[in-house]
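One structure below.
The basis for the numbers below is simple: all heavy atoms, side chains too, and nothing from hydrogens, waters or symmetry mates. Note that ligands are numbered from 1 as they come in the structure, with each ligand's atoms numbered from 1 the same way. We count residues from 1, following the sequence as given.
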Amino acid sequence: MSLLRRLPPVLRALLAQTLAFAVLVALARTGLRLPGLVWLLLQAVLAVFLSRWMDLSPRWAFMQAALPFLVRALWSAPIPAWIYLALFLGLALVFGGGLLSRVPLYHASEDAWEKLEGLLPDRSGLCFVDLGCGFGGPVAHLARVRPDSTFIGVEASPFTWLVAWLRCLPQRNAHIRLGSLWRTDLAGFDVAYAFLSPVPMPALWAKARRELKPGSRFISHSFDVPGETPHRVVPVKGREGARLLVFEL
Ligand SMILES: C[S@@+](CC[C@H](N)C(=O)[O-])C[C@H]1O[C@@H](n2cnc3c(N)ncnc32)[C@H](O)[C@@H]1O
């Protein structure tokens with residue numbers, strides 16, 4: 001069960017719906033005949049029950065309850081099948097990179113870009129990395145204002161990467177890589193920055209401690225490192241509580 005709970009919520013949600021569906025198929029095979037609406041209700045109730053058992057939050061349970069009815073409504077709607085495929089591919093290209101690591105796509109404010117600029121060491125020849133660079137706003141800005149240094153963005157979602165890559169094309173000192181931040185060796189960087197979610201922070205901090213050289217800096221946008229006190233906290237504009245947490249290695 002603990003293994004199950006370690007799965008990303010989206011996989012647990014899919015598993016709950018699949019198991020609920022399997023139970024209904026087994027029931028139907030016994031010859032049980034019920035009105036369509038009752039089957040839908042059964043699917044919803046079972047999926048919610050299994051989701052709660054798998055430790056999914058009430059928000060997920062609500063979506064799980066709505067899903068069978070939504071699928072039924074769309075089933076009879078005159079929508080060509082390729083639209084679903086296109087939607088799925090579109091979502092995967094924009095959000096796929098953060099799905100399993102449970103990191104959504106949102107952006108640091110321009111105020112955060114400027115405050116980041118103030119947190120870079122003064123010396124030239126710095127190497128900075130944005131781990132999960134989204135559409136590349138911070139990398140493009142920093143590369144523009146610090147032509148003496150190199151700025152790298154790493155992004156796992158293909159479409160998001162493409163936008164960041166195009167945005168940083170005019171900057172010769174900015175480079176956007178398509179790939180996972182977990183496969184990025186941090187040893188060569190002076191500053192590593194990340195704006196992710198609470199979920200990957202313990203593992204990311206462990207990686208930063210392991211790979212960043214002494215004297216380098218780790219900056220987290222808004223998300224704490226459990227059990228660690230930042231050396232500096234800089235409030236920034238954006239969502240409530242937005243701030244840059246600076247850790248010296
Ligand atoms: C919240 S956005 C941050 C954007 C940008 N760093 C900023 O500060 O504006 C997080 C980004 O991390 C990306 N991401 C999530 N997991 C990743 C991973 N394992 N490797 C690379 N990128 C990832 C997501 O696709 C998303 O674009």
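Between the side chain of R243 and the backbone N or O of S222 there is at least one donor-acceptor pair closer than 3.5 Å. Remark: the backbone N or O of P226 is not paired with any side-chain donor or acceptor of D224 at under 3.5 angstrom. In this structure, the side chain of K207 does not engage the main chain of L212 through any donor-acceptor pair within 3.5 Å.
In this structure, the side chains of L116 and Y193 come closer than 4.5 Å at one or more pairs of heavy atoms.
Ligand 1 places these atoms under 4.0 Å from at least one heavy atom of D130: 5 (C), 6 (N). Contact atoms of ligand 1 toward C133: 4 (C), 5 (C), 6 (N) (distance under 4.0 Å to a heavy atom of the residue). Taking every non-hydrogen atom of G179 and a distance limit under 4.0 Å, the qualifying atoms of ligand 1 come out as 20 (N), 21 (C). Close approach of ligand 1 to S157 is summarised as follows: ligand atoms under 4.0 Å from at least one heavy atom of the residue are 25 (O).
Using a 4.0 Å heavy-atom cutoff, P200 is absent from the residues neighbouring ligand 1. At least one heavy atom of Y193 sits closer than 4.0 Å to an atom of ligand 1. Residue contacts with ligand 1: H221 is excluded, as none of its non-hydrogen atoms falls under 4.0 Å. Using a 4.0 angstrom heavy-atom cutoff, G137 does not count as in contact with ligand 1.
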Inset, instruction - Apply side-chain hydrogen bond (donor to acceptor under 3.5 Å, both in side chains) to S51 and Q64, showing your working. - result: CA-CA 8 Å; S51 304; Q64 293 285 69; 3.0 Å; yes
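Taking the six-membered ring for Trp and thresholds of 30 and 60 degrees, F247 and W205 have ring planes inclined between 30 and 60 degrees apart.
Under 4.0 Å from ligand 1, not a single heavy atom of F135 appears. Under 4.0 Å from ligand 1, heavy atoms of A156 appear from its side chain as well as its backbone.
Counting heavy-atom neighbours within 6.0 Å of F49 CZ, excluding the residue itself, gives a total of 12 or less.
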